[in-house]
Amino acid sequence: MVCSLDVANLGIRFNPLPHVDTTFINQRRIRPRSVIVFPTSDCLKHRLPRRISCSAVDEEQIQQTFSDAENSLISSLIGIQGRGRSASPQQLKEVEQAVTALEATKGVPDPTSSSLIEGRWQLIFTTRPGTASPIQRTFVGVDLFSVFQEIYLQTNDPRVSNIVKFSDSIGELKVEAAAAINDGKRILFRFDKAAFSFKFLPFKVPYPVPFKLLGDEAKGWLDTTYLSESGNLRISRGNKGTTFVLQKQTEPRQRLISAISTGRSVIQAIDEFMSLNQTEDEQQLIEGEWQMIWSSQMETDSWIENAANGLMGSQIVKENGRLKFLVDILFGVKFSMNGTFEKCDTNIYDVMMDDGAIVIGPYGLPVELITKFKLEVLYSDDKIRISRGYSKILFVHIRVGS
């Protein structure tokens, strides 16, 4: 959880969700975990009209509340699964650099005395040291759950609460702590109660941890090392050496990634994202390795055909119009497909893939397969790409290793 607490492991286990493009083989069929039937590809064929009746105006205001340094941190977090659990060493380095840069700017002075720290914060990222509490190890790395922290200091009963929201239909776990301000940055806390609130039960179920018997193990502190002047972004460091990044409001790319991770309202999230990112600028096929995290494809019987058409795995866009599809089949076994792309219209490319192989270690087994299709880039920046490719299937890719 956001405030670290070492308590007895209660035996609850939630395995972290696999990466959204994980595949498995079943009678020559590979089914991407992120397969969702897209009702119609034509609904995004043209730029969506700007809908003032929705959140467009509010979204512009939200985007303006983030400084360049804050946007750098948010951008470094795009594509990291499990709130940091799956981060690569390079991603962790980029996040730490962005965090350090923000902490150097100071932000709001004496954040614990500011009204901006009050309210509910959503946990976006956390480092995971070996001393993390069982609650943190169990829930925080599961994207299917939302994790929040509530801070209310300017009351007669100052409290800090950590909340795991399982879903709107199931309920949540709330772990509460009595809090006190130590200085302008530090909050002291002692956990004193916790309970599950299930929607299908008329009463709360106590979380069976004897806080009073834990002594100093129920105590801790939380330093706020950066609080944005907008009150939308906070960086905190806990007594167990953990770094936390929390937000009150998220930006469109974060909401899209969250929808894909949870498998909820993906089409609506894409619709919102596209309506808020209309531009007359041409969308380029940017170089780099792009991992597919979601597609609107329907299942097919031929996994080789799926791989050859870019319906799974990653795409490596190279200079001089070269393109490579790469799919992990089994441990140590990959499918590789090389080809070319050439721009034929605004935001549209002709793609031909004609050099396939099944790769096992240093050896390759050639696969005779040629596929041609048009690839339309609907949106692209240095982190995320939305495109329409083979059979007008919609794709969302994340740039990795950049």
Side-chain angles (χ1 to χ4, degrees), residues 1-6 65-74 76-77 83-84 87 92-133 135-136 140 147-163 174-192 211 214-250:
M1 291 298 295
V2 178
C3 295
S4 298
L5 168 66
D6 276 321
T65 65
F66 293 112
S67 66
D68 290 343
E70 291 167 354
N71 278 321
S72 294
L73 173 58
I74 293 172
S76 70
L77 296 173
R83 301 180 187 89
L92 289 175
K93 180 180 178 181
E94 292 176 0
V95 172
E96 184 60 34
Q97 289 175 341
V99 164
T100 302
L102 272 179
E103 290 177 329
T105 66
K106 306 300 183 182
V108 173
D110 298 329
T112 57
S113 301
S114 172
S115 61
L116 294 175
I117 202 172
E118 303 272 313
R120 173 173 281 208
W121 294 84
Q122 183 172 0
L123 180 65
I124 305 299
F125 173 87
T126 176
T127 55
R128 305 185 62 82
T131 56
S133 70
I135 297 176
Q136 185 173 332
V140 169
V147 181
F148 301 94
Q149 183 181 76
E150 290 182 345
I151 296 180
Y152 294 103
L153 302 175
Q154 299 177 15
T155 69
N156 293 329
D157 182 24
R159 303 194 73 79
V160 173
S161 300
N162 296 322
I163 300 164
K174 186 173 185 178
V175 182
E176 300 185 48
I181 296 175
N182 183 67
D183 55 34
K185 291 184 178 296
R186 178 164 296 182
I187 299 172
L188 305 177
F189 62 85
R190 175 193 284 271
F191 287 103
D192 56 8
F211 292 109
L214 292 177
D216 290 343
E217 289 298 314
K219 295 180 180 180
W221 51 259
L222 187 70
D223 283 348
T224 296
T225 55
Y226 179 81
L227 177 62
S228 67
E229 295 182 356
S230 67
N232 284 330
L233 180 66
R234 174 165 63 94
I235 300 170
S236 292
R237 295 181 184 267
N239 56 290
K240 295 184 181 297
T242 309
T243 301
F244 307 99
V245 177
L246 307 98
Q247 289 177 242
K248 283 185 179 176
Q249 294 173 310
T250 54

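Values below: all heavy atoms of this structure, side chains included; hydrogens, waters and symmetry mates excluded.
- Scanning all heavy atoms of the two residues, the minimum distance from Leu92 to Ala87 falls at CD2-CB, 3.6 Å.
- At distances below 3.5 Å, not a single donor-acceptor pair connects side-chain atoms of Thr243 with backbone N or O atoms of Thr126.
- Counting heavy atoms from C-beta on, the side chains of Phe66 and Asn232 come closer than 4.5 Å.
- Atoms CZ and CZ, from Arg234 and Phe244 in turn, are 9.5 Å apart once rounded to the nearest 0.5 Å.
- Applying the 6.0 Å contact sphere to CD of Glu229 captures no more than 12 heavy atoms from other residues, nucleotides or ligands.
- Between Leu153 and Ile151, the shortest heavy-atom contact is CG-CG2, 3.7 Å.
- Going from atom CD of Gln154 over to atom OG of Ser113 covers 8.0 Å, rounded to the nearest 0.5 Å.
- With sequence neighbours excluded, the residues satisfying side chain to side chain contact (heavy atoms under 4.5 Å, CB included) with Leu102 are Ala69, Glu70, Leu73, Thr105, Tyr226, Leu233, Ile235.
- For the pair Ile187 and Ala179, the tightest heavy-atom approach, listed with the atom from each and the gap, is CG2-CB, 3.9 Å.
- Using modelled atom types, no side-chain atom of Thr242 and backbone atom of Gly238 make a donor-acceptor pair closer than 3.5 Å.
- In this structure, Ser236 and Leu222 approach most closely via the heavy-atom pair CB-CD1, 3.8 Å.
- Residues Trp121 and Gly231 share a closest heavy-atom pair of CH2-O, 3.3 Å.
- Cation-pi contact between Arg83 and Phe125: absent, since separation from the ring centre below 6.0 Å together with deviation from the ring axis within 45° is not met.
- By the side-chain hydrogen bond (donor to acceptor under 3.5 Å, both in side chains) test, Glu118 is found to be paired with no residue, residues two or more places apart in sequence or in another chain being considered.
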- Task: Step by step, work out the salt bridge (charged side-chain N to carboxylate O under 4.0 Å, His left out) result for Arg159 and Asp157.
- Result: CA-CA 6 Å; Arg159 303 194 73 79; Asp157 182 24; 3.4 Å; yes

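- With hydrogens and angles disregarded, no donor-acceptor distance shorter than 3.5 Å links the side chain of Ser161 to the backbone of Glu150.
- Only one option out of Arg186, Lys185, Lys240 pairs with Asp223 in a salt bridge (Lys or Arg N to Asp or Glu O under 4.0 Å); it is Arg186.
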